[in-house]
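These figures come from a predicted structure and were not determined experimentally.
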Amino acid sequence: MAKKQPPVDPRRWSRLVVDGVKQTPSRAMLRAVGYTDADFSKPAIGVASTWSNLTPCNMHIDGLARRAAAGIDASGGKSTIFGTITVSDGISMGSPGMRYSLVSREVIADSIETVVGAQGFDGLVAIGGCDKNIPGCMMAIARLDRPAVFVYGGTIRTGARRRDIVSVFEAVGGHAGGTVSDKELHEVECTAIPGAGSCGGMYTANTMASAIEALGFSLPNSSAQEAVSGIKLDDCERAGRAVVELVKAGLRPSDILNRKAFENAITTVIALAGSTNAVLHMLAIAHSANVRLKLDDFTRIGRRVPVLADLRPSGRYSMSELIAIGGIQPLMKALLDEGLLHGDCLTVTGRTLAENLAAVPDYPAGQDIVRGFDDPIKPDSHLVVMYGNLAPEGAVAKITGKEGLSFSGKARVYESEEASLQGILDGKVKPGDVVVIRNEGPRGGPGMREMLSPTAAIMGKGLGDKVALITDGRFSGGSHGFVVGHITPEAASGGSIALVRNGDAITIDAVRRELTLHVSAAELKRRERAGKPGKKAEIRGVLGKYARTVSSASLGAVTDLELDLRASAKDRSR
């Protein structure tokens, strides 16, 4: 006989804050922000808004948060909107400020967890619209394990001549190479970003939004809506209504976030040719959810999942064009029909993934944005996890096949992103070079900056198929070309990337999944003994704290790894 489940308390957390004589001061303060007598008997639902006027990705989210709050209030809950930070990768890219980007993921997760825990919210709607606040929201949701829905802020529309932010970065390289004039560069600058929304290709924001939809944690098609649209406003209101139903049903993140759900997310990211940052962020979200996920899971799944979507940066089409033919739902249905998704996974609709997809129509005939299984862009994953004497703990490459499947060349070593960019723009990087950028890992940066400026400069100078780039840093979703990042151990942790010298032969083999420095073990030992690195300037504040606590990129660059090891007995993998 099945064990009888205890009744669901939709006010499990809020009653601890507002019920009874002793909590009279709490109620008094809440009345000042708009609570009435009736509100104290309703489930309290927080709306985490990542609104900020410092980036197009998030400039509209205040309006989305108000619509989510309206949906909550109309469904019998009591909404409270609160804020968290965001930083702009696109604005800080190529500058020291980019060191704060990955750090902000932890700050966002910590701040949302802190507010929800302190305020006693019974549920949460989190709205994210940029690369780090999307996974940051999900990490907090997983840690809190209270009913929640994630809403994506939506994609930007393409600029003039189908431009986007990557067009601007590549125009800088073209300007250095003499193919783009001052006037043309200014024209690109002024027309590429037409308004609100996240960067318009299958870059990190759209990749992570798609992954979270495949995880079952946003409403169907939330990942494939333009930021400025009535559909996105409706999505927010429906999310507000949905979270109240989840609270009443007692459906928590731990009921949804299991190993099969993460496999669905990885499968969808591969089919969409998504960003390498998905590897880093999915590992971190799984860590927060206490689900065992490893680098090698991306290889295992990637062997059977093809790349089907012809989306930027390596492809031709924008997210807006994918939205126009139906978004990612028809793709997910095709993956399910092919036996590549777990249809029995529960979602925030209260239904299974298969039930959500049952009535989804196919893509329209004649479209060529998403290919069929008989004509894939690549028969297996573009996310290639590599090992070798340069990356004994792993590295992540983005190989679509257009770059070729192997590259051998001579190392041209740079100690920072700035130095490498200057070398590329000054013409010091030549065909046949393997550009090595080190001291940019999670600890060594600190902050694991994205190398979009160097990779875009390489493409802009016409060297995309002539040079490779490897780094212990990471890449923007907008990066393409023969690039390998996340090299672990990083240079700051004694990794062999710290021992590479100019002129060393390096081979990148995507078929064998190997990253090889053609230097003997004995010589590497000699270099290690002889090395006398200069003392690095002391880093204080949040960067210093991050450098002291962050884990390897191969573990998701999380900052609470020790806690996870102690919690391993509670692992929810299944």
Side-chain angles (χ1 to χ4, degrees), residues 276 279-280 283 294-300 383-399 403-417 419-420 423 429-430 432-446 448 451 454 467-475 482-536 547 550-557 561:
T276 53
V279 178
L280 196 72
L283 289 171
K294 297 181 179 179
L295 270 179
D296 291 343
D297 289 317
F298 289 83
T299 299
R300 175 179 55 82
L383 298 176
V384 180
V385 177
M386 295 183 174
Y387 294 93
N389 68 341
L390 255 179
E393 294 177 10
V396 179
K398 186 177 186 179
I399 308 293
E403 311 85 354
L405 296 174
S406 66
F407 190 98
S408 294
K410 300 294 185 181
R412 188 170 295 274
V413 182
Y414 295 99
E415 303 296 339
S416 69
E417 178 188 5
S420 72
V429 172
K430 307 292 186 183
D433 283 347
V434 177
V435 178
V436 179
I437 308 175
R438 61 192 178 201
N439 300 310
E440 292 288 3
R443 182 173 295 120
M448 203 180 182
M451 302 294 116
V467 304
L469 187 151
I470 67 173
T471 180
D472 54 7
R474 60 195 174 94
F475 296 110
F482 216 111
V483 297
V484 184
H486 305 206
I487 290 177
T488 54
E490 60 176 290
S493 296
S496 54
I497 188 173
L499 306 176
V500 180
R501 293 183 178 176
N502 282 322
D504 286 347
I506 293 174
T507 296
I508 306 165
D509 190 328
V511 176
R512 297 170 64 90
R513 301 176 185 272
E514 292 180 351
L515 182 58
T516 305
L517 174 63
H518 296 286
V519 175
S520 70
E523 170 61 14
L524 291 177
K525 278 289 185 186
R526 190 191 68 77
R527 292 181 186 181
E528 187 176 10
R529 288 193 300 269
K532 294 181 180 178
K535 186 177 180 181
K536 194 164 186 176
V550 70
S551 72
S552 163
S554 62
L555 299 173
L561 185 63

>> Show, in sequence, the C-alpha distance, side-chain angles and deciding distance for Arg412 and Val467, and conclude whether the side-chain contact (heavy atoms from CB on, under 4.5 Å) test is met.
In response: CA-CA 10 Å; Arg412 188 170 295 274; Val467 304; over 6 Å; no
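- At a threshold of 4.5 Å between non-hydrogen side-chain atoms, the residues Tyr387 and Asp296 count as touching.
- Among pairs with a residue in residues 482-496, those fulfilling side chain to side chain donor-acceptor pair (under 3.5 Å) read Arg443-Ser493, at least two apart in sequence or across chains.
- Of all non-hydrogen atoms in Ala492 and Gly444, the two that sit nearest each other are CB-CA, 3.4 Å.
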>> Is there a side-chain contact (heavy atoms from CB on, under 4.5 Å) between Val484 and Phe407? Walk through the geometry before answering.
In response: CA-CA 11 Å; Val484 184; Phe407 190 98; over 6 Å; no
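- Val384 approaches Ala510 most closely through the heavy-atom pair CG1-O, 3.9 Å.
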>> Test side-chain contact (heavy atoms from CB on, under 4.5 Å) on Met451 and Val483; report intermediate values, then the result.
In response: CA-CA 10 Å; Met451 302 294 116; Val483 297; over 6 Å; no
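- Across Ala395 and Leu515, no two heavy atoms sit closer than the pair CB-CD2, 4.4 Å.
- Atoms CG and CG, on Leu517 and Leu499 in that order, are 8.0 Å from each other to the nearest 0.5 Å.
- When all heavy atoms of Arg513 and Val385 are compared, the pair lying nearest together is CB-O, 3.5 Å.
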> What's the verdict on side-chain contact (heavy atoms from CB on, under 4.5 Å) for Leu280 and Met448, showing C-alpha distance, side-chain angles and the deciding distance?
Replying inline: CA-CA 11 Å; Leu280 196 72; Met448 203 180 182; 4.1 Å; yes
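- Although no hydrogens or angles enter the test, the distance criterion places a donor-acceptor pair under 3.5 Å between the side chain of Arg438 and the main chain of Val500.
- More than 12 heavy atoms of other residues, nucleotides or ligands lie within 6.0 Å of CZ in Arg300, so this atom counts as buried by the packing criterion.
- A distance of 13.0 Å separates CG in Asn439 from CD in Glu417, rounded to the nearest 0.5 Å.
- Separating the CG atom in Leu295 from the OG atom in Ser552 is a distance of 8.0 Å, to the nearest 0.5 Å.
- Exactly one residue among Val436, Ile497, Val435 makes a side chain to side chain contact (heavy atoms under 4.5 Å, CB included) with Val413. That residue is Val436.
- Separating the CG atom in Leu469 from the CD1 atom in Ile437 is a distance of 4.0 Å, to the nearest 0.5 Å.
- Val519 has its side chain within reach of Arg527: a pair of non-hydrogen atoms, C-beta onward, lies under 4.5 Å apart.
- Nearest heavy-atom pair, Lys410 versus Ala505, reported as atom, atom and distance to 0.1 Å: NZ-CB, 4.1 Å.
- Residues meeting the side chain to side chain donor-acceptor pair (under 3.5 Å) test with Ser408, sequence neighbours left out: Thr507.
- Here the CZ-OG1 distance, from Phe298 to Thr276, works out to 10.5 Å after rounding to the nearest 0.5 Å.
- The OG1 atom of Thr516 sits 7.5 Å away from the CG atom of Leu390 when rounded to the nearest 0.5 Å.
- With Asp472 contributing its side chain and Ala491 its backbone, the two residues share a donor-acceptor pair below 3.5 Å.
- Here the closest heavy-atom approach between residue Leu283 and residue Ala553 is recorded as CD1-O, 4.1 Å.
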